[in-house]
**Student:** 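Mind looking over this structure? Questions follow.
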Amino acid sequence: MNAMDLLKDLNPQQVKAVTTGTGPVLVLAGPGSGKTRVLTHRMAYLISVMGIRPYNILTVTFTNKAAREIDKRVRNLIPNDLQGILMGTFHSVCARILRYEAAHLPITANYVIYDDDDQLSVVKRSVRELNIDEKLYKPSSILNAISLLKNDMIRPEQMTIKSYKDGVVQKVFDRYQQVLISNNAVDFDDLLLYTARLLEEAPEVREKYARRFEHILVDEFQDTNIAQYTLLRHLAGENHNIYVVGDEDQSIYRWRGADYHNVERFEADFPGTTKILLEQNYRSTQTVLDAARAVIDRNRHRTPKALFTERGSGEKVHLYVARDDRQESEYICQKAAELINKLRFKAGEIAIMYRTNAQSRLLEEAFIKAAMKYKLVGAQRFYGRREVKDVIAYLRLVHNPSDEVSLARVINVPQRKIGDTTLQALMEYAHQLGVNAGTILLDLVQGPASAHWQYMSKGGVNRLADFGSRLQEWLELKGTLTITSLLQKMLEDVEYRQYIEDETEEGQDRWGNVEEVLRLAYEYEQQGMDAFLESLALVGDQDTIPDAPEAVTMLTLHAAKGLEFGAVFIYGVDEKVLPHSRSLDDPEELEEERRLFYVGITRAKDQLYLSRAEFRGGYGGMDTTDPSRFLEDIPRDLLKVEGQHRSYSSNGYGSYSRSNRQEKQEQYIWKSPPNTVPLKQPELRYKANTRVSHPSWGEGWVLESRIMDGDEVVDVSFDSIGLKRLLANLAGLTVIEKK
DNA sequence: AGGACGGTAGTTTTT
DNA sequence: CTACCGTCCT
């Protein structure tokens, strides 16, 4: 492909970004401005115009999805020209480097990667061994602290101890790391950390990679943490050809260690950086962009961007103020139905976003009631399922018998009468001798001849030895069988199927999940166990969720990043929800909440619906709310307020705490009775024994119809699917005949 | 080893 | 309010 063809569909800013010279480049790309487009065209430009060999290019992303997308799009531009390129997520690139450079590390090349659950179990064990009170210091909070320290590349001994808790974290951190190393395991953070340290401390390794990667490209740069930034700095140290793309305004992972100040650091560390702004937006209407800009402009430490579009101003932003959160969810459901039925929106073009997962519940209820299809993003994870983890743990154990976390997971699953006491005794004994439980287990296979036999409990030792010989056998088979056959053999040996597949539907599902793992294993026959386990650990299941274009998407604002929808609803734009109550006392966190709102707004192509409720279900009863402070920043003339409640006297967004106490009193009056002016009871549109027709379920008989909460609720027995409860206003039923 | 009870916490989650 | 975890009891 020649340069002309490559550039023909780009705007001037994009052309500049794609064709700029070598050296450090910082592309700040507003939402919808063609960030991925620029990155992929730049890669194609490097290879086909500048003649760079793919082997000398490194491209890193945060998600597998992004990596796949970029790969696909570059191949589209320059087919068959990517041989030798290294492209992948930070974690997978690091995993590869570490496998290759294991000789420099405290682990061997067949190390396993621990996920959150595994990490937590190591922390728990460490906490117990150190006699720390789990009530006072929750393992999950300690783990969180450890993770942040690792992201910042701080070793236990480098910590500043400001509180007793810091001291606890320090001790656990130290122990935790020892356990990981002795298990020949790394956690997600270690992948980055080990690589960053390796490049920092081993000049010959650093030079090798820094020379190879003549050009480095980074996606979503604003989300890098210190470890990632450090490793990039070292990798780019030789050639300085580092091309980073990002947007400070979309940095929403501070709590995971991401530090958008890396954008500022970048300019300082790489003098002569070419900085390019992409400000033309191809996604949203000008109204949406103006609202977004009004919200984000109040943040500091950012490069101001003037997003513009050629799409025209479009519709106003809808703001709906509901009485309570239930009504708010019903409103959204109803509006979504309207968009689909009246405005011919595809359900898949509609998304509902919220701050916390818990908020999805009322929405789901409303959708179920209205018989509307929806899909929930990020609810249940395939790899998080118990049976999947069990099966993987078996495989990991055979791959790396030092892995005590996996051993502990499977040694009594299915039950082998090896209880906690026996296992603890085994591990303690092993640690005293400075070896792993697996080592002892395998030695016990010799029976009473084993030097360790007498140190185990009488009852437990035989059962341990039994499991040991199983493990021994599998280890011997490992070299001869394929992954699939080995896995099948193991599952048969332990009668795993009988264990999980009971008569229930759930049992069937579970076995189905196991079969899915087997199927995945089959795909890795050629690449081997290392690659298979690595991909299980590092490849999320984002794309194992089937696409459902006929359903409305419900997702958190975080999960919405990088996506776009024709119509976007943002649910719960109230103080303490967005911004979240936990962020209120920290200005940095408030800025991040603001970015989160910004990300949500800028997902919308045509229609944006913001909603809030004057009463919201707290932990106990109902709480009164204040409108989100972010709403105040959106100019009134961009909004169309659609709420139907209370006075709009104060500022038009529903109650606002100008005179809070008085307001509250007033609201309580409002609450009881709930409808001071009783809503007119709508008349029943459907009666029992009426033949009706539904757009998707066909015909059925009305069994009963009544008014609930001011809505007509109809029970219909459909010929196709049986009994359904529907809202008359939304279901779109037509009467066929009356009996 | 599994069920019942009680206490406690209750954001976001690319890998 | 509920969902989850740990503990205790059978």
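Keep in mind the model is a prediction, meaning the values are calculated, not measured. Below, chains carry the letters A, B, ... as their sequence lines are ordered, and counting in each starts from 1. All heavy atoms count here, side chains included; hydrogens, waters and symmetry mates do not.
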**Student:** For B:dT11, does either OP1 or OP2 sit under 4.0 Å from a side-chain N or O belonging to A:Thr556?
**Tutor:** no

**Student:** Where each residue is assigned the nucleotide of DNA chain B containing its nearest heavy atom, which of A:Gly419 and A:Ile252 is assigned the position nearer the 5′ end?
**Tutor:** A:Gly419

**Student:** Could you point out which residue of A:Arg254, A:Arg256, A:Lys561 forms a salt bridge (Lys or Arg N to Asp or Glu O under 4.0 Å) with A:Asp223?
**Tutor:** A:Lys561

**Student:** Of the nucleotides B:dA1, B:dT12, B:dT15, which has the atom closest to the A:Asn412 side chain?
**Tutor:** B:dA1

**Student:** Among residues at least two apart in sequence or on other chains, which ones pass salt bridge (Lys or Arg N to Asp or Glu O under 4.0 Å) with A:Asp530?
**Tutor:** A:Arg99

**Student:** Rounded off to whole Å, could you give me the CD1-to-P distance for the A:Ile113 and B:dT15 pair?
**Tutor:** 13 Å

**Student:** Rounded off to whole Å, could you give me the CG-to-P distance for the A:Leu231 and B:dT15 pair?
**Tutor:** 17 Å

**Student:** Write down the protein N/O and nucleotide N/O pairs, taken from nucleotides 6-10 of chain B, whose separation is under 3.5 Å; answer none if there are no such pairs.
**Tutor:**
| residue | atom | partner | partner atom | Å |
| --- | --- | --- | --- | --- |
| B:dG10 | OP1 | A:Lys138 | NZ | 3.3 |
| B:dG10 | OP2 | A:Arg582 | NH2 | 2.9 |

**Student:** If the plane angle is over 60° it's perpendicular, under 30° parallel, otherwise tilted; pick one for A:Phe367 and A:Tyr374.
**Tutor:** perpendicular

**Student:** In whole angstrom, give me the gap between the C1' atoms of C:dG6 and B:dT11.
**Tutor:** 24 Å

**Student:** Measure from CZ on A:Arg96 to P on B:dT15 and round the result to the nearest Å.
**Tutor:** 16 Å

**Student:** Rounded to whole Å, how long is the line connecting atom CG of A:Leu376 with atom C1' of B:dT13?
**Tutor:** 15 Å

**Student:** Which residues satisfy the side-chain hydrogen bond (donor to acceptor under 3.5 Å, both in side chains) test with A:Arg125, sequence neighbours excluded?
**Tutor:** A:Glu129, A:Glu404, A:His431

**Student:** Tell me which pairs pass salt bridge (charged side-chain N to carboxylate O under 4.0 Å, His left out) where either residue lies in residues 140-153 of chain A, with sequence neighbours left out.
**Tutor:** A:Lys150-A:Asp187, A:Lys150-A:Asp190

**Student:** Looking for any heavy atom pair under 4.0 Å, which part of the strands does A:Arg361 touch: base, sugar-phosphate only, or nothing?
**Tutor:** sugar-phosphate

**Student:** Within the 4.0 Å heavy-atom criterion, would you say A:Tyr253 contacts the bases, only the backbone, or no part of the nucleic acid?
**Tutor:** base

**Student:** What is the separation between atom CE on A:Met353 and atom P on B:dT12, rounded to the nearest whole Å?
**Tutor:** 16 Å

**Student:** Which pairs, with at least one residue in residues 131-149 of chain A and sequence neighbours excluded, count as a salt bridge (charged side-chain N to carboxylate O under 4.0 Å, His left out)?
**Tutor:** A:Arg128-A:Glu134

**Student:** Reading DNA chain C 5' to 3', which nucleotide is the first, and which the last, to come under 4.0 Å of any heavy atom in chain A?
**Tutor:** C:dC1 to C:dG6

**Student:** With A:Val93 as reference, evaluate A:Val60, A:Thr61, A:Thr59 under the side chain to side chain contact (heavy atoms under 4.5 Å, CB included) test and give the passing residue.
**Tutor:** A:Val60

**Student:** Give the ring-plane orientation class for A:Trp255 versus A:Tyr253, where under 30° counts as parallel, over 60° as perpendicular and anything between as tilted.
**Tutor:** tilted

**Student:** Using heavy atoms to find the nearest nucleotide of DNA chain B for A:Arg416 and A:Ser92 separately, return the residue whose nucleotide is more 5′.
**Tutor:** A:Arg416

**Student:** Measure from the side chain of A:Trp255, starting at C-beta and using heavy atoms only, and say which of B:dA1, B:dT13, B:dT15 lies closest.
**Tutor:** B:dT13

**Student:** Which of these passes side chain to side chain contact (heavy atoms under 4.5 Å, CB included) with A:Leu533: A:Asn110, A:Ile392, A:Ile113?
**Tutor:** A:Ile392

**Student:** Can you measure A:Leu590 atom CG to B:dT12 atom C1' for me and round it to whole angstrom units?
**Tutor:** 15 Å

**Student:** Roughly how many Å apart are B:dT13 and C:dT2, using the P atom of each and rounding to a whole number?
**Tutor:** 23 Å

**Student:** Rounded to whole angstrom units, what separation is found between the CD atom of A:Glu592 and the C1' atom of B:dT12?
**Tutor:** 8 Å

**Student:** What contact category does A:Lys124 fall into here, base, sugar-phosphate, or nothing, at under 4.0 angstrom with non-hydrogen atoms?
**Tutor:** sugar-phosphate

**Student:** Look at the side-chain N and O atoms of A:Asn357 and state whether any lies under 4.0 Å from the OP1 or OP2 oxygen of B:dT11.
**Tutor:** no

**Student:** When you compare the side chains of A:Arg612 and A:Thr625, does any donor N or O come within less than 3.5 Å of an acceptor on the partner?
**Tutor:** yes

**Student:** Ring stacking, A:His580 with base of B:dT11, under 5.5 Å and under 30°?
**Tutor:** yes

**Student:** Side chains of A:His580 and A:Glu593: any donor to acceptor distance under 3.5 Å?
**Tutor:** no

**Student:** If I take atom CG in residue A:Asp574 and atom C1' in nucleotide B:dT11, what distance separates them, rounded to the nearest angstrom?
**Tutor:** 16 Å

**Student:** OP1 or OP2 of B:dT15 less than 4.0 angstrom from a side-chain nitrogen or oxygen of A:Gln228, does that happen here?
**Tutor:** no

**Student:** Need one value for A:Gln415: base, sugar-phosphate or nothing, where a base atom within 4.0 Å counts as base even if backbone is also close, heavy atoms only.
**Tutor:** sugar-phosphate

